[in-house]
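Working notes, structure below.
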Number of protein chains: 2
Amino acid sequence: MRDYSDVQHPCGNCDFHDQSIWQPVSGAALPILNRGFDRLPLETSQILFEQGEENSGVYCVSRGLIGIRSCQDDGKSTLLRLAYPGEIIGFRSFMAGQPHHTEAQALIPSRVCKVPRHSVRQILNRSPEVLGRLADRCIQEIDRSHAHIIAAATRSNTERLSDLLGRLLQIHGRDCADGKRMYLPLSRIDLADLLGIRPETLSRVVARLLNDSAYSICGREVLLRG
Amino acid sequence: MRDYSDVQHPCGNCDFHDQSIWQPVSGAALPILNRGFDRLPLETSQILFEQGEENSGVYCVSRGLIGIRSCQDDGKSTLLRLAYPGEIIGFRSFMAGQPHHTEAQALIPSRVCKVPRHSVRQILNRSPEVLGRLADRCIQEIDRSHAHIIAAATRSNTERLSDLLGRLLQIHGRDCADGKRMYLPLSRIDLADLLGIRPETLSRVVARLLNDSAYSICGREVLLRG
DNA sequence: AGCTGAAATTGACGCCCGTCAAAGACTTCA
DNA sequence: TGAAGTCTTTGACGGGCGTCAATTTCAGCT
């Protein structure tokens, strides 16, 4: 399998330095969160934290792609969202003071920076305004979930797949002769899971994409024509 | 149309006094939010605030049922969630310092308590811990959205309608000889909107409900058998 | 290379949903 | 009471999705 761990956030070698995420407030305080803390390498499918597990801190995605998944009692699981490089995960559980309601899994070889719970507390005590920024993350999560619900109710599967590919290409698509090219960082199963459909149906949606859209997918290669 | 404005939160005549919502922290500070402020009566279909409108405060639902709706450019609208008596709305926009991303509309005759923006600020200055409780509301909103996404992906329309009826009956269903009875506080169009399906399809789902579930709907009357 | 198991595709089939259209029920107002 | 308009239901139809099953492709390992 092609190594995908070199795919990074556009800001370069940064970990946790993406200022745009913290735009509502000046961006000086949060990067200190990850300074000097462990940077865990994660293999594909490796679990970062499990559902029901006690919260032990927050994580910043440095490289790769993390899937946030919800597992139900009946064994069904749903991929709720993707966490791209530069994003923080685990803050919902941290802020609520509750065990994780979701599971975090590396979808490709990834790297995350772990900030232990007590360290986050220390930083919050020294810099109370950081709490407001974590709240901003919660708001962003609400908006994203709402967008997901709206898309599921009003857009076709082909449109939603196109939207997702567009977002992925925007983050780490590379220009090439034919347009924009990218290694697809999700398996068909994960992709179907994220769209809320079965893998067999996704297969047919992908096939239809060749006719209905500017995107084409062959295996793990995605191409935006034009 | 039958008057539904007498349907209240189980806690009685309270406005904004539902302690369970603020459980993570001791429940002394937030009820002061609504003390002495306007209590607006709302007719069915009346808009509380519109999408894109500047945030002018937060609202506490005292009676009735408020629908949180997202309107798209193409004219389509989606009912994202319901706000029951005892709940706060408008806090996402307040905390983000942004215009409202959604629209709030009374689905039945309702009553809300409006707390102006500057008053909320004053209260937050006097009682900084209230900010944490608003953050708890954000977290609850995330969890609810996630539950919505999971249900849409894994449960049938019949099941999701049953779930919704169960929740509504739990809040203001009245015991009767046959089981539990309730006036349905949503039109078929709103109900379909909330489930993400067309009204015609909902009509058939309702008809199927008689066979597949313990619920029966006739017009606006809901009955849980047993 | 060859084996093995998982992932991905393809086919067949039935059911459910979206769409368009029409009829029926209900509310509001005169 | 009657009329107008909206809400709701029902029907017909085509397409999309889920399910089951079989096949093919692919990645990892010896």
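Here is the naming used below: chain letters follow the sequence lines, and residue numbers restart at 1 for every chain.
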Side-chain heavy atoms of A:Cys60 within contact of A:Val115, under 4.5 Å: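 Heavy-atom side-chain distance check fails, nothing below 4.5 Å.
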Side-chain heavy-atom pair B:His146, A:Ser70 within 4.5 angstrom cut-off: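 Counting from C-beta outward, B:His146 and A:Ser70 never come under 4.5 Å.
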Listed once per pair and sorted, the salt bridge (charged side-chain N to carboxylate O under 4.0 Å, His left out) pairs that draw on residues 42-60 of chain A, sequence neighbours left out: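 The answer is none; no pair qualifies.
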Close approaches to DNA chain C from residues 67-83 of chain B, in residue order (heavy atom, under 4.0 Å):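 Result for residues 67-83 of chain B: none.
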A:Gln51 and A:Arg69 side chains, donor-acceptor separation under 3.5 Å: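 No donor-acceptor contact under 3.5 Å links the two side chains.
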What's the [atom1]-[atom2] distance between [X] and [N], to the nearest Å?
X: A:Ile189; N: D:dC26; atom1: CD1; atom2: C1'; value: 13 Å
X: A:Asp190; N: C:dA8; atom1: CG; atom2: C1'; value: 13 Å
X: B:Glu221; N: C:dC26; atom1: CD; atom2: P; value: 13 Å
X: A:Glu159; N: C:dG18; atom1: CD; atom2: C1'; value: 14 Å
X: A:Leu184; N: D:dC26; atom1: CG; atom2: P; value: 15 Å

Non-neighbouring partners of A:Asp74 that pass salt bridge (Lys or Arg N to Asp or Glu O under 4.0 Å), sequence neighbours left out: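 Salt bridge (Lys or Arg N to Asp or Glu O under 4.0 Å) check on A:Asp74 returns nothing, list empty.
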Per-nucleotide protein contact string for nucleotides 9-19 of chain D, where B marks a base within reach and S marks sugar-phosphate only (heavy atoms under 4.0 Å, - for neither): BBBB----SBB
Heavy-atom pair with the smallest gap, counting every atom of [X] and [Y]:
X: B:Ile89; Y: B:Ala104; answer: CD1-CB, 4.2 Å
X: A:Thr78; Y: B:Ala153; answer: CG2-CB, 4.2 Å
X: A:Lys180; Y: A:Leu169; answer: CE-O, 3.9 Å

Whether A:Thr154 side chain and A:Ile150 backbone form a donor-acceptor pair below 3.5 Å: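 Here the side-chain-to-backbone pair exists.
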Axis deviation across the helix from C:dA1-D:dT30 to C:dA30-D:dT1, five-pair ends, to the nearest 10°: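 Answer for the end axes of this duplex: 40°.
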May I have the list of side-chain donor-acceptor pairs in residues 205-216 of chain B shorter than 3.5 Å, sequence neighbours left out?
unit_1: B:Ser213; atom_1: OG; unit_2: B:Tyr215; atom_2: N; d: 2.8

Value rounded to 0.5 Å, distance of CD in A:Glu141 from OG in B:Ser145: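 Between atom CD of A:Glu141 and atom OG of B:Ser145 there are 9.0 Å.
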